[in-house]
Amino acid sequence: MKICVCAKQVPDTNEVRIDPVKGTLIREGVPSILNPDDANALEAALQIKDKHQDTTISVISMGPPQATYMLRECLAMGADEAVLLSDRAFGGADTCATSTTIAAGIRMLGDVDIIFGGRQAIDGDTAQVGPQVAMRLGIPVVTYVQEIVDYTGDKIKVQRQLEDGYELIEVKLPCFLTCVKELNEPRYMSVGSIVDAYKKDIKIYNHEDVKLDPKDCGLNASPTQVFRSFTPPVKGKGEMLQGSNKDMAKELVTKLKEKHLI
Ligand SMILES: Cc1cc2nc3c(=O)[nH]c(=O)nc-3n(C[C@H](O)[C@H](O)[C@H](O)COP(=O)(O)OP(=O)(O)OC[C@H]3O[C@@H](n4cnc5c(N)ncnc54)[C@H](O)[C@@H]3O)c2cc1C
């Protein structure tokens with residue numbers, strides 16, 4: 001059984017703050033982390049490996065050379081190999097070009113049974129890359145996987161999260177599954193596994209390695225372009241209501257009605 005996990009290094013958006021005076025993002029000192037949903041994706045792969053010892057897990061990422069730190073974290077959690085797709089030609093990619101490059105990288109891994117990814121990356125926030133990679137590889141995709149119910153050789157049964165319930169879906173392998181945080185609790189690295197992770201090589205592939213022409217990746221192959229990006233206005237101060245509970249409740253309802261919230 002061969003599993004591939006798509007992992008993205010992202011800025012920890014919990015640490016990004018807005019400068020209240022300039023209204024700009026404060027990026028200084030913001031650490032880069034493994035995208036949280038991708039940690040759940042890796043944990044799902046590791047749990048299959050715990051039960052089926054003949055499993056190998058490859059983690060793949062597209063990003064700048066510094067993404068190797070995140071990939072070492074994945075190795076320390078228990079992945080067997082890590083591949084970084086890194087090339088100036090991949091830069092400026094929208095989700096369309098990102099998925100082309102990731103799919104090309106996965107093809108270089110040979111036959112893969114399951115590809116796990118996160119539902120969404122906390123920086124780009126589009127939730128498009130997983131389904132697009134699956135489409136490019138011509139395999140089925142199940143998004144929002146919240147539980148792996150059963151795995152039997154050539155099929156996997158999963159729960160797919162909905163707003164008010166779930167769907168039970170059985171899907172043939174090979175397939176792409178995008179994971180949500182409810183799926184599991186990602187494990188911690190051990191000191192020994194961190195040391196071992198630094199002994200492993202991380203393969204770095206450029207566009208030639210994954211057989212992509214520069215015109216088919218990165219900005220050149222991105223149908224969308226970020227025209228402008230800006231920081232949303234800082235929210236105004238809250239308003240304290242005064243008076244008895246009854247008066248405050250009445251005023252609150254009036255204000256909510258004025259804003260058409262109720
Ligand atoms: C014109 C344009 C230019 C851009 N330029 C840049 C740029 O220069 N640099 C930049 O960093 N971003 C750039 N972006 C943003 C970039 O498109 C997205 O970061 C990227 O396509 C992934 O989309 P997402 O973050 O919404 O991921 P989602 O679709 O929300 O991610 C879902 C899942 O897909 C997988 N995944 C997503 N991205 C990767 C990845 N890179 N490697 C491995 N797995 C992944 C993960 O499992 C993730 O959980 C640009 C976007 C546009 C439109």
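All ligand and atom numbering here is 1-based and tracks the order in the structure.
Around ligand 1, the residues contributing at least one heavy atom under 4.0 Å from the ligand are C6, A7, K8, N35, D38, I60, S61, M62, G92, A93, D94, T95, T98, I102, G117, G118, R119, Q120, A121, D123, G124, D125, T126, A127, Q128, V129, T224, Q225, V226.
Taking 4.0 Å as the cut-off between side-chain N and carboxylate O, K2 and D54 do not count as a salt-bridged pair. Taking a cutoff of 4.0 Å between a charged side-chain nitrogen and a carboxylate oxygen, E81 and K203 qualify as a salt bridge.
A cation-pi arrangement is absent between R160 and Y166 under the rule of less than 6.0 angstrom and at most 45 degrees off the ring axis.
In this structure, F230 stands alone, with no Ile, Leu, Val, Met, Phe, Trp or Tyr side-chain heavy atom under 4.5 Å from its own, directly or through other members.
Pairs passing the salt bridge (Lys or Arg N to Asp or Glu O under 4.0 Å) check and including a residue from residues 244-262, sequence neighbours excluded, read E239-K255.
Applying the side chain to side chain donor-acceptor pair (under 3.5 Å) rule to T224 yields the partners D94; only residues at least two apart in sequence or on another chain are considered.
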